[in-house]
There are 2 protein chains.
Amino acid sequence: MVASVELVAERAGVSVSTVSRALRSIPGVSAATRKRVQRAADELGYSASPAASRLATGRTMTVGIVVPVLAKWFFGKVIGQATYALREAGFDVLLYELATAGQRQRFFGTVHLHGRTDGVIIVALQPSREELESLASQGQAVALLGAQAQGAGSVSVDNVGAGRAAVRHLLNLGHEQIAFIGIRDEEGSTLGGVPPLERLVGYREALAEAGLTLDDAFEQFDENSVAGGAAAMSRLLVAGRPPTAAFVASDEMAFGVLKVLRQAGLEVPRDFSVVGFDNHELCDVVGLTTMDHEVAEQGQDVARILLEIMQGGQAANLARPARLVVRETTAPPRALRTATTAPDSQHSAGHPGNL
Amino acid sequence: MVASVELVAERAGVSVSTVSRALRSIPGVSAATRKRVQRAADELGYSASPAASRLATGRTMTVGIVVPVLAKWFFGKVIGQATYALREAGFDVLLYELATAGQRQRFFGTVHLHGRTDGVIIVALQPSREELESLASQGQAVALLGAQAQGAGSVSVDNVGAGRAAVRHLLNLGHEQIAFIGIRDEEGSTLGGVPPLERLVGYREALAEAGLTLDDAFEQFDENSVAGGAAAMSRLLVAGRPPTAAFVASDEMAFGVLKVLRQAGLEVPRDFSVVGFDNHELCDVVGLTTMDHEVAEQGQDVARILLEIMQGGQAANLARPARLVVRETTAPPRALRTATTAPDSQHSAGHPGNL
DNA sequence: CTGAAAGCGCTTACAG
DNA sequence: CTGAAAGCGCTTACAG
């Protein structure tokens, strides 16, 4: 049902070599012939067999995108943006979801990409040296998002700085009992990537700089989801000395935090402040204060960087900014507020505390 | 860097034909030889060149997934589930985002899939007869999610019935001024698919059955996003005769509706009820009452159906259920409530109405 | 059960 | 500027 070069050559009255050259805009074909070939190809609805060209050239014009999970806003956004940029450049994209350590092992332990893709974008996964070597031996160009590695391009965010900024915002509001809710990696794998860990470092740095002591009980980890955030917050609620605010390493977890807080009868930000991370598209709906790190741009950047590598360019390493987006989930802690705000404050000192 | 059949054949001391047969578990190879070949292949880290096998067999062991947009929960969920099922069956997945009418035209107007995929899953897009013919001429098996067509497998939901159920819930609570907020298709294309239209039909049917008259001003359409829902709700707020409830065709739009309501000082569900559609993972966070239609299952089903077709089976057409999930955004309308609830109702009849 | 050889449909030196 | 031919790395009748 689909034409071949021979058909086109016959119809245009030239050899297959000429058809091949004419259609791929290779110099050394007269304008007239080129036009004739083009028309014949159009009339036949011809499109070169990808398998045959790949076999002949060794190039696949396809890129792989590897993510730890598909059904999350962050990854959907990144994939969407990267895919768009890749398609513009004429590349197809093959999708790989590595949700478990087992899948990850199988993916890197097998030669699968060779002959399927020319390069691969790895999102939120820190590949080991062996994994990187496997990719290299398969002839893959590689670009990382949210990680860095020798020989690979990358785009990342200063997560330590961003974490510190988030906590500083809370400190500046007067909070001193600040918790951290982070992403727990599944079964010891690094599926969640390193950024979550860096955010914890930023949290600790900010507290240390403020002269506050760290409290293990204030650092809670759980799976990166609404349920995970809710579970972590629930643990904080029963702590001996309850926090008045929390920096949550992902917006989705922060949504869960907000939910638990509401269920516990605590009003945000009156009774508790929370700042998230990502600037998820639904932050606006719940008014979540968060750290924005331009996810869409990261997706485009990582695609551009991979494209450059595949064209023989240098493997660029890009650092992207993060910034605080203040909405409605942060405010001074209640104790402080009653002391500093106007005397006619509606929150009397005798207000029954919920925490 | 990657071994070829010849290398393996040499190492195992057999011909390439035998290697090929042994590795693909084709009968007619002695157990001993098979074992020897397998070992040689393992030692060399051999994996058949996909380009070469595709050229020789005509099969790609790859499936395409086409969605109107990637960065949305619904599509991420569907893709994730379908991808998992496909991978289990040994297929790779190629991703295509058709966000604009132009992209759609280019995709179907060109022979692109031929030689790249054996079949394609099309999500939330109603392909025309020409588009279907193009896919068929390219040798593609096709399965639809959220649409139906001659010769294609499909999984869909009774959207008319689901829409009717959603509205009936509102009617049963006593609402009589019920609005519909739907998805507006971009520039006359059917990128949004038919389900949103069917939900409108269900809405109208329910109202008609209840003996209520339809009001054009109560039917608002906008883009399928938080912003779109917010814009549509804003239009409803300035209507001459304001509604007391709305059935919103997607949860994301419903989130926008909730946001506008809150900004307008209206309390949900006290002043206004809303029921969404999808059972988005974040419904739980905001307490949105919605219609669940088992999105994950739909993703698995459509993959299974495509797999069956590619194995030469019948193109199955599956209908899936939808059900109401009551949370916290629906209640009787205020007027009714003050009249029917206990006399000591805290909402006095004289309460200043916001709508 | 195993091997030699043709063929899948392109691309690309090599000649002219 | 154009064409004949080899080659990319598999698979699969066809013989044996």
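Protein chains get the first letters and strands the later ones, always in sequence-line order, with residue 1 at the start of each. This structure is a prediction, so every number in the text was calculated from the model and none was measured.
The nearest whole Å value for the distance from the CG atom in A:L44 to the P atom in C:dG9 is 15 Å. Rounded to whole Å, atom C1' of C:dG7 lies 12 Å from atom CG of A:L55. For A:H114 and D:dG9, the NE2 to C1' distance is 11 Å, given to the nearest whole Å. Here the P atom of nucleotide C:dC8 and the CG atom of A:L7 are 13 Å apart, to the nearest Å. One atom, CG of A:L23, and another, C1' of C:dT12, lie 16 Å apart when rounded to the nearest Å. Taking atom CZ of B:R34 as the reference point, atom P of C:dC1 lies 9 Å away to the nearest angstrom. We find that CZ of A:R116 is positioned 17 Å from C1' of D:dC8, with the value rounded to whole Å. The interatomic distance linking A:R21 (CZ) with C:dG9 (P) rounds to 21 Å, in whole Å.
Along DNA chain D, the nucleotide nearest A:V16 and the nucleotide nearest A:A31 are compared for position; the residue whose nucleotide lies closer to the 5' end is A:A31. For the pair B:A52 and B:V14, both in contact range of DNA chain C, the more 5′-proximal nearest nucleotide belongs to B:V14.
Defined by atom type and a distance below 3.5 Å, a donor-acceptor pair is present between the side-chain atoms of A:S134 and A:Q138.
Side-chain nitrogen and oxygen atoms of B:R24 include at least one within less than 4.0 Å of the OP1 or OP2 phosphate oxygen of D:dT11. Taking 4.0 angstrom as the limit, B:T18 places a side-chain polar atom (N or O) nearer than this to OP1 or OP2 of C:dG3. The phosphate of D:dG9 (OP1 or OP2) has no side-chain N or O of B:S49 nearer than 4.0 angstrom. Regarding contacts with the backbone of C:dT11, a side-chain N or O of A:S20 is found under 4.0 angstrom from either OP1 or OP2. Residue B:S17 places no side-chain N or O under 4.0 Å from the OP1 or OP2 atom of C:dG3. In this structure, B:Y46 reaches the D:dC10 phosphate: one of its side-chain N or O atoms is under 4.0 Å from OP1 or OP2.
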### Query
Checking salt bridge (charged side-chain N to carboxylate O under 4.0 Å, His left out) for the pair A:R87/B:E97: CA distance, chi angles, key distance, verdict?
CA-CA 10 Å; A:R87 173 149 310 286; B:E97 181 183 41; over 6 Å; no
What verdict does the side chain to side chain contact (heavy atoms under 4.5 Å, CB included) test give for B:V120 and B:L135, after you've listed the backbone C-alpha separation in whole Å, the side-chain angles of each residue and the deciding distance to 0.1 Å? CA-CA 9 Å; B:V120 57; B:L135 293 177; 4.1 Å; yes
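A salt bridge between A:D42 and A:R39 is absent, with no side-chain N of the basic residue lying under 4.0 Å from a carboxylate O of the acidic one.
D:dT2 is paired with C:dA15 under the Watson-Crick or G-U wobble criterion, all donor-acceptor distances under 3.5 Å.
Closest contact between the side chain of A:S30 and the listed nucleotides D:dT11, D:dT2, C:dT12 involves D:dT2. When each of D:dC10, C:dC1, C:dT12 is scored by its nearest atom to the side-chain atoms of B:T33, the top-ranked nucleotide is C:dC1. Closest to the A:V5 side chain, of the nucleotides C:dG3, C:dC10, C:dC8, is C:dC10.
Remark: the separation of the C1' atoms in D:dG16 and D:dT12 is 16 Å, to the nearest Å.
In this pair, B:H112 and B:F107 present their aromatic rings tilted. The plane angle is within the 30 to 60° band.
The neighbour count for B:Q300 CD, taken as heavy atoms of other residues, nucleotides or ligands under 6.0 Å away, is above 12.
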